[in-house]
Trainee: 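If you scroll down you'll find the structure; I have some questions about it.
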Amino acid sequence: MPKHARCLILGAGPAGYTAAIYASRANLAPVLYEGLQPGGQLTTTTEVENFPGYPQGVTGPQLMQEIRAQAERFGTDIRSGVATSVDFSKKPYRVTINGEQEISCDSLIVATGASAKYLGLPDEEKYAGQGVSACATCDGFFYRNRRVAVVGGGDTACEEALYLSSIAEKVYLIVRKPFLRASKVMQERVLSSPKIEVLFEHNTLGLFGENGVEGAHLVFRKGESDEKKVDIAIDGFFLAIGHRPNTDFLKGKVDLNEAGYIVTSGTTSLTNVEGVFAAGDVADPRYRQAITSAGSGCKAAMDAEKYLMEHSL
Ligand SMILES: Cc1cc2nc3c(=O)[nH]c(=O)nc-3n(C[C@H](O)[C@H](O)[C@H](O)COP(=O)(O)OP(=O)(O)OC[C@H]3O[C@@H](n4cnc5c(N)ncnc54)[C@H](O)[C@@H]3O)c2cc1C
């Protein structure tokens, strides 16, 4: 197995595979490491209805299998393994896989994604894909004229609640604190929406339902003398308490923002380290969609190709 790659790609989601399609067709002979989740986040969902080219929708695993097959068709060398550290102090750069083997590379595309944060309730796993979601843009459409709850008190939670209020019949916003952390404008929009009911000082204890989510058990003012348990009837439970980009192995090696996302330059995939590019959710706290990730994977491969050509690598 070659221990050097002209173009090394970390991540096997829409961003990594798309980068691989472009890089392999540009003759960069890419090597791609899949990490712990070959196919990425979409392998955990059922229907994907907003990826262009599938008028009837497609399951997440099927979509990722097809993008992977397209990358393999042009010769991408896909390998198992997790990048655990990097050394950008001299060229060629070195990436350690699984804490033991090293691979060197002339260019590196990081497409390691971001994971949604969950509350840690066993019911979130039990009802995954059956009413629990961390993406209103992805799944909101399935809750037309139904009742949903959004958990969180920041800007993202308010945005998700407002987005869902244009689709669902009723939206509860479950907020742990007695106030919203979101910007003033966002707060005003949420508080003035007739469809959104903000449940301040509520925590979620669990979910219930025979066929998917039918409701949530909440507690008001947990641990206080006036603590009260309440149930709400809902069909969808949306988490909006943040995401964690998969960048631990890059800390101190490449510029990250305060939330851990890789910082890229303008509309490009360039990071502050020359020859290192970022694509997909790992560098995108804003859109976090399969199609935007695939698009940025394309950009990263084109940026890598240009870099390699300009440096005669
Ligand atoms: C349940 C669910 C449903 C969704 N539904 C939709 C939808 O309907 N439509 C839509 O557009 N979007 C949807 N999304 C969002 C979409 O899945 C993401 O925006 C997209 O997958 C991001 O692609 P990515 O390639 O950046 O990263 P990911 O898909 O997160 O893939 C990251 C890859 O990096 C690998 N990796 C991580 N760390 C390392 C490491 N250290 N070394 C090597 N590899 C590593 C992982 O194994 C994985 O293969 C959904 C997300 C979820 C969770």
Side-chain angles (χ1 to χ4, degrees), residues 8-21 31-54 57-65 67-68 71 78-86 95-99 101 103 108-118 124-125 127-142 236-240 243-251 253 260-262 264 269 277-301:
L8 181 63
I9 300 170
L10 303 177
Y17 283 155
T18 305
I21 294 168
V31 171
L32 181 150
Y33 279 93
E34 297 181 309
L36 293 176
Q37 193 177 46
Q41 292 172 60
L42 279 188
T43 57
T44 66
T45 192
T46 47
E47 281 304 294
V48 178
E49 293 190 335
N50 54 10
F51 200 88
Y54 294 89
V58 60
T59 67
Q62 173 74 24
L63 174 62
M64 294 318 301
Q65 191 46 51
I67 306 181
R68 179 194 168 108
I78 299 179
R79 302 180 186 174
S80 304
V82 176
T84 43
S85 64
V86 294
V95 175
T96 306
I97 305 295
N98 298 334
Q101 322 137 236
I103 178 159
L108 176 69
I109 295 174
V110 183
T112 47
S115 321
K117 291 185 191 163
Y118 286 81
E124 290 169 318
E125 230 167 272
Y127 293 104
Q130 290 188 284
V132 172
S133 170
C135 176
T137 313
C138 311
D139 298 328
F141 187 74
F142 301 118
F237 183 75
F238 287 81
L239 282 308
H243 282 74
R244 191 174 297 110
N246 301 318
T247 51
D248 284 356
F249 68 103
L250 292 171
K251 273 186 192 140
K253 307 292 169 123
Y261 287 91
I262 299 177
T264 50
S269 68
F277 308 90
D281 283 11
V282 75
D284 177 11
R286 189 180 173 110
Y287 300 106
R288 289 193 296 254
Q289 292 295 292
I291 189 66
T292 49
S293 297
S296 67
C298 152
K299 284 195 203 177

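Every number for a ligand or one of its atoms is a count from 1 in the order of the listing.
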Trainee: Do T96 and F249 have side-chain heavy atoms sitting under 4.5 Å apart?
Mentor: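 When only atoms from C-beta onward are counted, F249 and T96 do not touch, as no gap falls below 4.5 Å.
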Trainee: Looking only at protein heavy atoms, which one is nearest to atom 2 (C) of ligand 1, and how far off is it?
Mentor: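 The answer is T45 CB, 4.0 Å.
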Trainee: Where is the nearest protein heavy atom to atom 46 (C) of ligand 1: which residue, which atom, and how far?
Mentor: E34 O, 3.5 Å
Trainee: Got the closest protein heavy atom to atom 51 (C) of ligand 1, with its distance?
Mentor: Q41 OE1, 3.7 Å
Trainee: Check whether more than 12 heavy atoms from other residues, nucleotides or ligands sit under 6.0 Å from atom OH of Y287, and answer yes or no.
Mentor: no
Trainee: Quick one: nearest non-hydrogen protein atom to atom 14 (N) of ligand 1, plus distance?
Mentor: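 Checking every protein heavy atom, the shortest distance to atom 14 (N) of ligand 1 gives C138 SG, 3.5 Å.
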Trainee: Just let me know how L36 lines up against ligand 1, side chain, backbone, both or neither, with a heavy-atom cut-off below 4.0 Å.
Mentor: backbone
Trainee: Here's a test for you: under side chain to side chain donor-acceptor pair (under 3.5 Å), which of H243, Q41, Q289 qualifies with D281?
Mentor: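 Of the listed options, the one satisfying the test is Q41.
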Trainee: Quick one, Q37 and T44 - any side-chain contact, counting heavy atoms below 4.5 Å?
Mentor: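 Yes. Closest side-chain heavy atoms under 4.5 Å.
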Trainee: Within the side chain of T247, is there an N or O that forms a donor-acceptor pair under 3.5 Å with the backbone of G260?
Mentor: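 Yes, the answer is positive, given that a donor and an acceptor are paired below the 3.5 Å cut-off.
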Trainee: What residue and atom, counting heavy atoms only, is the protein's closest point to atom 33 (C) of ligand 1, and at what distance?
Mentor: A12 N, 3.5 Å
Trainee: Run the contact test for P14 against ligand 1 with a 4.0 Å cut-off on heavy atoms, strictly below, and give the result.
Mentor: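 In this structure, P14 qualifies as a contact of ligand 1 - some heavy atom is under 4.0 Å.
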Trainee: With a 4.0 Å heavy-atom cut-off (strictly under), which part of F249 contacts ligand 1: side chain, backbone, both or neither?
Mentor: side chain
Trainee: Indicate, as side chain, backbone, both or neither, the part of C135 found under 4.0 angstrom from ligand 1 when only non-hydrogen atoms are considered.
Mentor: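 Under 4.0 Å from ligand 1, C135 contributes no heavy atoms.
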Trainee: Find all atoms of ligand 1 within a distance of less than 4.0 Å from any non-hydrogen atom belonging to L42, and give their numbers and elements.
Mentor: 4 (C), 5 (N), 6 (C), 13 (C), 14 (N), 17 (O), 50 (C)
Trainee: Quick one: are R79 and Q101 in side-chain contact, heavy atoms under 4.5 Å?
Mentor: no
Trainee: Find out whether V48 and Y54 are in side-chain contact, i.e. whether some heavy atom of one side chain is under 4.5 Å from a heavy atom of the other.
Mentor: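 When only atoms from C-beta onward are counted, Y54 and V48 do not touch, as no gap falls below 4.5 Å.
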Trainee: Looking only at non-hydrogen atoms, which of A290, G39, S293 approaches atom 11 (O) of ligand 1 most closely?
Mentor: A290
Trainee: Looking at ligand 1, is there an atom of it that comes within less than 4.0 Å of some heavy atom belonging to A111?
Mentor: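 A heavy atom of A111 does come that close to ligand 1.
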Trainee: Which option wins on minimum heavy-atom distance to atom 42 (N) of ligand 1: A134, A83, S296?
Mentor: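 Residue with the shortest heavy-atom distance to the ligand atom: A83.
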